[in-house]
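Sequence lines set the chain letters: A, B, ... in the order given, protein chains first and strands last, and positions in each chain run from 1.
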Amino acid sequence: MAEDLIGTLADLEEKEALEIVNRRLSAGEAPLGILDDGRRAMEIVGKRFADGEYFIPDLIYSGEILKSINEIVKPKLAEAGEVKHLGKVVIGTVAGDIHDIGKDIVVFMLDVSGFEVYDLGVDVPAQKFIDTIKESGAPIVGLSGFLTLAYDSMKQTIQAMKDANLRDKVRVMIGGGQITKEIMKYTGADAYGRDAMAGVSLAKKWTGTE
Amino acid sequence: MEKQWEEMSSDEKQEARFAKWLSPEGVEFVSPEAEKLYKERATRIKDAIQLKKLPDRVPVMLIPSFFPAFYSGLTPLDVMYDYEKANNAWKKFYVDFQPDAHFGCVAPGPGRFFDILDYKLYKYPGHGVAPESTYQCIEGEYMMADEYDAFLQDPSHFFTTTVLPRIFGALEPFKQLPNLTTINEMYGSGITFFQYGLPDVQAAFKALLDAGSEALKWMGYFGAFMKELPELGFPAGQGGYTKAPYDILGDTLRGTRGIMTDIYRQPEKLIEAMDKMTPFWIQKGVIEANMNANPLIFLPLHKGADGFLSDEQYKKFYWPYLRKILLGLIDEGVVPFMWAEGGSNSRLEVICDLPKGKTAWLFDDVDMIRAKEILGDVACVAGNMPMDLLTVGTPEQVKEYAKKLIDNCGKGGGYIMANCAFFDNVKPENVRAMVDFTKEYGIYK
């Protein structure tokens, strides 16, 4: 019987989790099953974070453990499994701003909630958002920014979407240290979120997957 | 006869430091009016912090990032490289808005100094970000997970040969430098020094000397500014700065991800390293307070914000070591002035464990009513004027918010009006509304 990787990983027991992975692989179990357990454990981590039971260090650490598991499992993996997603989200920190901690947490939470996330990184020019929206057909865009200078950058990025005739094809949410409703109005975004959970619930609402 | 410093209590030391700040040596006020303003302002801030006497009104501070540059039609790039322009812009800012304190013109930093050393820890105007943008730290591990032992054994040598070569490209050859702690007798001494003869090491020292000259040149301008502003009637709101040990390790050594992982993988090492850092950073605060004859020492707080640590983690890794720093400073009569960046709602009940009238807490994002309720008996609370209002709001909205802050937090003294975060390109009329309204509405009758 397969040992409980899901619970162990969700409880952030790194040593035990890695031991289970190694034992299950030596017993001849398919790597895909292990990765699937990893994914389910991350769902639990995400839920605990949303419930206020886990905090940012727990998210970061669970990601680190999962990385170690992937390193063990990936070489044995013949092909990646198909995961069904709730929807696509394009996300990035806007031009001129290189902060990524908050954005990465939102990416993590969207990912474990079942969204396919196109993470464009930091200091992302408006054109890169436009190109990725076109290529992916994603209906949701997340703009992140920590600096107050990002207000204008967000506004310009949303303006660029209008100029590219994409604005009515996407919903835009913004977030970051000093982002409020006033800034949402200023930038022309559809919504804003104070934390990662707000981003997830907006994405779910907008994709009708609540 | 006056008491010797060592014989004074921490209360007496604090009073002595405030007295020096209130009557600054070597300051030639430009007018009797400037002198009067200086004394009123300094007294107002002192009273708000000490919680002994009701100030005449709520003090108001403006702590900008690059706003003074934008306000003078300059870019951050301009003021990082042209020190005179920086001085003029910052002076114009304080003179035009007339807040109760000035905070130097340190933000622009000496641009050429960073160029000479090929600074890699930040992106700054013209180096990775646009001329109109501000400098921003590049998240990363500048001390690796397996380097705690080397750090703990000899922090100075570790910084010289490991950290500095990573953050200053020009100092990369310092990786080769020997540890001079083992210089002992004539025998073998020559061998220990040969690395100083290597061409790349010598080039690194040349860069260091050039950088030093540039820093000194910049300090000339900076020093002139620090002398002139009090003469115009503005006390310095900051005599220097220090940090919380968890932030010291987390901000620019282990990085956010690194330190959060250490909490689980090597908590004892992390605690040992914070213990090791603590005396260095208490000393830094005291030295700067002495040097600038100013009791106020700033502490920007970062990684203890709401959500960035669980309550348990905050109580285990953040607060005890920050508290050690604070008590170390308070013992010496220094006044720690915290700037709690991010959210602080979950921290209030923890941080109120401090002696009364010795600290100030400037908040970014917090329920100010609760902050006043919980902290108000022991510490001055400050700040919370939101960035969104200053940037896209109207003067009326700013006044309305300022009124709420004064009504909720100003009662009985112990509140300083201030912006919630460093500000860049906000509307000047909103800044003016914040200052003028506080002066008008914040009077204690």
### Message
What's the separation between atom CD1 in B/I259 and atom CD1 in A/I60, rounded to the nearest 0.5 Å?
### Response
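Between atom CD1 of B/I259 and atom CD1 of A/I60 there are 12.0 Å.
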Of the backbone (N, CA, C, O) and the side chain (C-beta and beyond), which part of [X] lies under 4.5 Å from a heavy atom of chain A, both, or neither?
X: B/I138; result: both
X: B/C420; result: side chain
X: B/F70; result: side chain

### Query
How far apart are the C-alpha atoms of A/I101 and B/F308, what are their side-chain angles, what is the distance that settles it, and do they pass the side chain to side chain contact (heavy atoms under 4.5 Å, CB included) test?
CA-CA 10 Å; A/I101 294 169; B/F308 279 73; 4.1 Å; yes
### Query
So which of B/L389, B/V426, B/L309 has the largest heavy-atom pair count under 4.5 angstrom toward chain A?
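So the answer, after comparing B/L389, B/V426, B/L309, is B/L309.
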### Task
Sort A/I98 into side chain, backbone, both or neither according to what part of it lies under 4.5 angstrom from a heavy atom of chain B.
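For A/I98, the contact with chain B is made by backbone and side chain together.
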### Message
Is A/L12 close to chain B through its backbone or its side chain, or both, or neither, when contacts mean heavy atoms under 4.5 Å?
### Response
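Just the side chain, heavy atoms under 4.5 Å.
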How about the chain A/chain B donor-acceptor pairs under 3.5 Å, what are they, with distances?
unit_1: A/E14; atom_1: OE1; unit_2: B/R265; atom_2: NE; d: 2.9
unit_1: A/E14; atom_1: OE2; unit_2: B/R265; atom_2: NE; d: 3.2
unit_1: A/E14; atom_1: OE2; unit_2: B/R265; atom_2: NH2; d: 2.6
unit_1: A/I56; atom_1: N; unit_2: B/G307; atom_2: O; d: 3.0
unit_1: A/D58; atom_1: N; unit_2: B/Y264; atom_2: OH; d: 3.3
unit_1: A/D58; atom_1: OD1; unit_2: B/Y264; atom_2: OH; d: 2.2
unit_1: A/G96; atom_1: O; unit_2: B/S133; atom_2: OG; d: 3.3
unit_1: A/G96; atom_1: O; unit_2: B/Q136; atom_2: NE2; d: 2.7
unit_1: A/I98; atom_1: N; unit_2: B/Q136; atom_2: OE1; d: 2.6
unit_1: A/D104; atom_1: OD2; unit_2: B/R257; atom_2: NH2; d: 2.4
unit_1: A/Q178; atom_1: NE2; unit_2: B/D364; atom_2: OD1; d: 3.3
unit_1: A/Q178; atom_1: NE2; unit_2: B/D364; atom_2: OD2; d: 3.3
unit_1: A/T180; atom_1: OG1; unit_2: B/D388; atom_2: OD2; d: 2.3
unit_1: A/R194; atom_1: NH2; unit_2: B/D365; atom_2: OD2; d: 3.0

### Message
Within a 6.0 Å radius of atom CZ on B/F363, are there more than 12 heavy atoms belonging to other residues, nucleotides or ligands?
### Response
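Check passes, neighbour count above 12.
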